[in-house]
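Keep in mind that the numbers below use all heavy atoms, side chains included, and drop hydrogens, waters and symmetry copies. Order of the sequence lines sets the chain letters (A, B, ...), proteins ahead of strands, with each chain counted from 1. Just so we're clear, the structure is a prediction, and the values are computed from it rather than from any experiment.
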Protein chains: 2
Amino acid sequence: MTKIGIRYTKPRKLVFEALEHLSKPVSANEINDYLKNKIDLTSVYRTLSLLIKSEMVNVILFGEGKKRYELKNKNEHHHHLVCEKCGDVKDVEMKESSLLKSVEERSKFVIKKHNLEFFGLCPDCQ
Amino acid sequence: MTKIGIRYTKPRKLVFEALEHLSKPVSANEINDYLKNKIDLTSVYRTLSLLIKSEMVNVILFGEGKKRYELKNKNEHHHHLVCEKCGDVKDVEMKESSLLKSVEERSKFVIKKHNLEFFGLCPDCQ
DNA sequence: AAATTATTGCAAATGATTTGCAATATTGCA
DNA sequence: TGCAATATTGCAAATCATTTGCAATAATTT
């Protein structure tokens, strides 16, 4: 008799805890560092794809040539403001439904998702 | 007597022409394909960094794990709407100054730049 | 506790981008 | 024009992020 299922394993527990604890967009490597290499980097990547597929994690791009990952559950849909000097990341909330509607109307596209990230200098670094 | 200067060379000419001709965000590889490997991929990359430094080219991220490059001169500041099915890219213009101002006020950051890209289905692919 | 099957770690592959370096091309000046 | 000075190229190899294959291991069902 065949059974299929997703198992709750140590690597998965750990990656989830790392994302929860770090609670900002982090790279796969940063997760690994936080976990002190207790699990293999490959498992971090594999767990992340799982979490992304289950819509528990968002992928965020800051244009550094790598992906960053963030738990979804916490806050609502939001964007980020990154300090180009110290690297601090702040969440940005905004209502963008009218903006999306306007783009949809003008383009006749159906919009499924969007990326929006801001870069600048935080109060301390100005 | 030492002289310093930037030279107008064949590879640079070609990369510029490729960007002009393709006139949408393209990857380094796509530039190379267009140029039929007349120049080395390394030179494409080196020319692109030069053009970026001189603010003639923008880097655009669609989250595919690679960068895309687009000539600045053509249109004004704009964003992109990418069809997730056929890959077609449409430019999106919008006035975002009030949005930026609002984010700056709420965050106390000074915003230097931002990324905004939309993904969805174009009229033909819906 | 055994059998079944999902998951892991490790090594190696892949893809994008960068770097070192000797060979070559461009440019300013005699 | 011709040459020297130096910027730039191509090629090979390095690097970084991410993915894949596979045999060993762990989780789960019975």
Side-chain angles (χ1 to χ4, degrees), chain A residues 1-19 22 24-54 56-70 82 87 115 117, chain B residues 1-19 22 24-54 56-70 82 87 115 117:
Chain A
M1 201 105 304
T2 41
K3 278 276 141 55
I4 52 159
I6 288 179
R7 298 175 179 175
Y8 190 49
T9 60
K10 185 178 102 175
R12 289 173 185 174
K13 227 171 294 196
L14 289 174
V15 169
F16 192 90
E17 283 171 19
L19 286 168
L22 297 168
K24 59 170 185 171
V26 287
S27 66
N29 246 309
E30 286 169 340
I31 294 175
N32 211 236
D33 287 350
Y34 174 73
L35 295 177
K36 301 264 182 59
N37 300 294
K38 275 203 284 284
I39 61 174
D40 195 84
L41 223 207
T42 308
S43 297
V44 173
Y45 277 110
R46 278 194 277 232
T47 302
L48 285 171
S49 359
L50 201 68
L51 292 172
I52 292 165
K53 214 184 309 171
S54 358
M56 301 178 73
V57 159
N58 272 334
V59 177
I60 291 136
L61 301 170
F62 289 164
E64 315 145 294
K66 66 185 167 198
K67 293 175 180 169
R68 292 185 168 269
Y69 308 86
E70 184 182 51
V82 184
N115 292 336
E117 316 296 345
Chain B
M1 198 107 305
T2 41
K3 277 277 140 59
I4 51 159
I6 288 179
R7 297 175 178 175
Y8 190 51
T9 60
K10 185 178 100 174
R12 290 173 183 173
K13 227 171 295 195
L14 288 174
V15 169
F16 192 89
E17 283 171 16
L19 286 167
L22 298 167
K24 59 170 184 172
V26 288
S27 66
N29 246 308
E30 286 169 341
I31 294 174
N32 211 236
D33 289 349
Y34 174 75
L35 295 177
K36 301 263 182 62
N37 300 294
K38 276 203 284 283
I39 61 174
D40 195 84
L41 224 206
T42 308
S43 297
V44 173
Y45 276 111
R46 279 194 276 232
T47 302
L48 286 171
S49 3
L50 201 67
L51 292 172
I52 292 164
K53 213 182 311 170
S54 356
M56 301 178 72
V57 159
N58 273 334
V59 177
I60 291 135
L61 299 170
F62 289 163
E64 316 147 294
K66 66 184 167 198
K67 293 175 180 168
R68 292 186 167 269
Y69 308 85
E70 185 183 51
V82 184
N115 292 338
E117 315 298 343

Let's see if you can work this out: which of [options] has an atom nearest to the side-chain heavy atoms of [X]?
X: A:Thr9; options: C:dT7, D:dC11, D:dT18; value: C:dT7
X: B:Ile6; options: C:dT17, D:dT8, C:dT27; value: D:dT8
X: B:Arg7; options: C:dA6, D:dA12, C:dT26; value: C:dT26
X: A:Tyr45; options: D:dT9, D:dA17, C:dT17; value: D:dA17
X: B:Arg12; options: C:dT7, D:dT8, C:dT17; value: D:dT8
X: B:Asp40; options: C:dT26, C:dC10, D:dG10; value: D:dG10

Can you measure [X] atom [atom1] to [N] atom [atom2] for me and round it to whole angstrom units?
X: A:Asn37; N: C:dT8; atom1: CG; atom2: P; result: 16 Å
X: B:Arg46; N: C:dT17; atom1: CZ; atom2: P; result: 15 Å
X: A:Tyr8; N: D:dA26; atom1: OH; atom2: C1'; result: 16 Å
X: B:Lys66; N: C:dT18; atom1: NZ; atom2: P; result: 15 Å
X: A:Asn32; N: C:dC10; atom1: CG; atom2: P; result: 11 Å
X: A:Lys38; N: C:dG9; atom1: NZ; atom2: C1'; result: 16 Å
X: B:Ile39; N: C:dA25; atom1: CD1; atom2: P; result: 15 Å
X: A:Lys67; N: D:dC16; atom1: NZ; atom2: P; result: 19 Å

Can you see which heavy atom on B:Lys10 is nearest to which on B:Lys38, and at what distance?
->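 Here B:Lys10 and B:Lys38 meet closest at NZ-O, 4.5 Å.
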Contact summary for B:Val44 and B:Ala28, nearest pair of heavy atoms =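 Closest approach of B:Val44 to B:Ala28: CG1-O, 3.9 Å.
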Sugar-phosphate only, base, or nothing, as touched by A:Leu41 at under 4.0 Å among non-hydrogen atoms |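 Answer is base: heavy atoms of A:Leu41 come under 4.0 Å of a base.
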Side chain to side chain contact (heavy atoms under 4.5 Å, CB included) assessment of B:Thr47 paired with B:Ile39 = CA-CA 11 Å; B:Thr47 302; B:Ile39 61 174; 5.7 Å; no
Specify the residue among B:Lys10 and A:Gly65 whose closest nucleotide of DNA chain D lies further upstream toward the 5′ end.
->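 The 5'-side residue here is B:Lys10.
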Please tell me which of A:Pro11 and B:Ala28 maps to the more 5' nucleotide of DNA chain C, matching each residue to the nucleotide holding its nearest heavy atom.
->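 In this pair, the answer is A:Pro11.
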Partner nucleotide, any strand, of D:dA17 [Watson-Crick/G-U, under 3.5 Å] =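 WC or wobble partner is C:dT14.
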NZ (A:Lys13) with more than 12 external heavy atoms under 6.0 Å =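 Above 12, so yes.
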Are side-chain N/O atoms of A:Thr42 and A:Asp40 paired as donor and acceptor at under 3.5 Å?
->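 The answer is yes; a qualifying pair exists.
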So does A:Asn29 get a side-chain nitrogen or oxygen closer than 4.0 Å to the phosphate oxygens (OP1/OP2) of D:dA17?
->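 Answer is yes, contact under 4.0 Å.
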OP1 or OP2 of D:dG10 less than 4.0 angstrom from a side-chain nitrogen or oxygen of B:Thr42, does that happen here?
->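 For B:Thr42, the contact criterion (side-chain N or O under 4.0 Å from OP1 or OP2 of D:dG10) is not met.
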